[in-house]
There are 2 protein chains.
Amino acid sequence: MKSNEIKEAALKFFTIHGYEGASLSQIAKEVGMKKQSIYAHFKGKDDLFMQVLRDAKEAELSSKLHYISKMDSHSPKKDLYGFLQLVIDLFQKKEQLKFWLRISFFPPAHLAEAIEKEVLDMEEKVQLILESKFQDWIHTQTIIGQAAKIPTLAFLGVVDSILLELVYGNDEKRLKDKLEASWAVFWRGISLH
Amino acid sequence: MKSNEIKEAALKFFTIHGYEGASLSQIAKEVGMKKQSIYAHFKGKDDLFMQVLRDAKEAELSSKLHYISKMDSHSPKKDLYGFLQLVIDLFQKKEQLKFWLRISFFPPAHLAEAIEKEVLDMEEKVQLILESKFQDWIHTQTIIGQAAKIPTLAFLGVVDSILLELVYGNDEKRLKDKLEASWAVFWRGISLH
DNA sequence: CGATAACTGACGAACGTTCGTTAGATACGG
DNA sequence: CCGTATCTAACGAACGTTCGTCAGTTATCG
């Protein structure tokens with residue numbers, strides 16, 4: 001399908017240059033056609049952009065939910081650290097997470113509202129299922145605490161800080177250091193000892 | 001000075017729309033002049049942008065260093081939490097941190113190299129002075145650990161996650177929740193107990 | 001034949017930038 | 001104190017390019 005090739009190229013340039021910085025002619029050239037031909041597949045730049053956005057959201061959401069739902073509820077240490085690894089992996093292997101991050105932080109002003117809705121929807125779903133996992137661990141006294149919300153938000157904070165390091169990402173070693181440091185302190189902060 | 005008015009307006013539009021999304025005519029209109037007149041004060045768009053960038057860096061760096069150097073080394077709990085508050089305050093009161101964040105994460109491609117240098121320089125300085133503080137606390141057995149780098153990086157991670165929530169910033173309550181959660185877990189992670 | 005998807009050509013609008021010019025302030029020598 | 005020269009900061013007009021978009025035409029293929 002040619003539409004997918006266009007979306008793939010669009011994903012690439014939107015990620016690198018942002019909405020305003022990416023041009024249809026650039027994208028078209030990447031797939032070997034003229035920019036006007038894009039209009040045979042999409043209504044316009046906004047339409048193309050929003051379709052790329054929804055694809056990226058779906059891909060990331062399903063990856064995360066799939067991983068979380070496979071957690072066995074017995075070893076939070078392994079499961080949570082594995083989740084961090086998953087995020088790093090997703091970021092490095094799939095352009096979509098990079099794109100998603102960029103435009104969820106800094107959406108083009110005239111699409112900000114529509115984008116925010118998608119972002120909130122996703123965030124909500126991940127937090128909800130993650131929180132239920134933490135609730136289980138608290139119940140079985142695998143970790144400390146009463147309110148599951150606290151470790152959940154703290155963990156999402158660790159995820160965010162790692163994502164930020166990835167975005168910023170010039171240094172593999174620094175990423176590793178930061179991951180280990182954040183993880184060590186986080187785990188000590190929620191574990192029984 | 002008219003130059004400062006231009007930089008102020010430029011800061012605003014660069015922050016909202018990014019480098020490519022902000023236009024000189026927009027900026028000029030904000031200060032009540034034509035875009036051509038900007039060239040009496042700056043060599044061009046790039047020059048204006050880089051000057052705004054350096055101003056923002058300087059402002060943020062001096063704010064942070066000033067705060068850190070005033071830490072009294074006796075109460076890390078108060079000092080570190082205060083630093084988080086400072087960051088939140090800076091973000092909400094001064095447009096410059098918002099700008100700095102945006103363009104350090106997603107710099108315009110053709111200026112990426114120059115920007116990265118500024119960002120690294122700043123990051124390095126903050127980490128260095130913060131690490132020496134942590135070293136003191138470890139020495140005086142106010143917090144746990146041996147290597148000061150671990151709590152330092154973890155703390156910077158907390159700062160980043162809060163910044164991200166601010167950027168993302170649609171919800172005051174969510175920010176508060178996340179701050180409290182991350183802080184509680186972080187503090188338990190490095191405190192003696 | 002009909003449909004799909006590519007093409008060419010053209011559009012108005014906006015972009016960053018350069019030019020020559022003007023009005024006003026400042027500095028200086030007689 | 002006056003006239004002149006220099007400097008500053010703004011201007012309108014225009015430059016060449018690129019932008020996103022639309023209309024009409026041609027090629028491909030079941």
Between B:Ser37 and D:dA9, is there a contact of a side-chain N or O with OP1 or OP2 at under 4.0 Å? no
Can you pull out the residues from residues 17-36 of chain B that lie within a 4.0 Å heavy-atom distance of DNA chain C? B:Ala22, B:Ser23, B:Leu24, B:Ser25, B:Lys35, B:Gln36
Rounding to a whole Å, what distance do you find between B:Phe42:CZ and D:dA9:C1'? 13 Å
Roughly, in whole Å, what's the span from NE2 in A:His110 to P in D:dG20? 11 Å
Please report, rounded to the nearest Å, how far the C1' atom of C:dG16 is from the CZ atom of B:Phe49. 16 Å
For A:Glu5 and C:dA6, what is the distance between atoms CD and C1' respectively, to the nearest whole Å? 13 Å
Centroid-to-centroid, A:Tyr168 to B:Phe105, below 6.0 Å? no
Once you round it to whole Å, what is the distance between C1' of C:dT17 and NE2 of B:His41? 16 Å
Any side-chain donor-acceptor pair under 3.5 Å between B:His74 and B:Asp79? no
Decide whether B:Tyr19 and B:Asp46 meet the rule of one side-chain donor and one side-chain acceptor closer than 3.5 Å. yes
Looking at B:Phe42 versus B:Phe49, is the centre-to-centre ring distance below 6.0 Å? no
Anything under 30° is parallel, anything over 60° is perpendicular, the rest tilted; go ahead and classify A:Phe106 against B:Phe106. perpendicular
To the nearest Å, how far apart are B:Ile38 CD1 and C:dT18 P? 13 Å
Taking the six-membered ring for Trp and the full ring for Phe, Tyr or His, determine whether the centres of A:Phe99 and A:Phe13 are under 6.0 Å apart. no
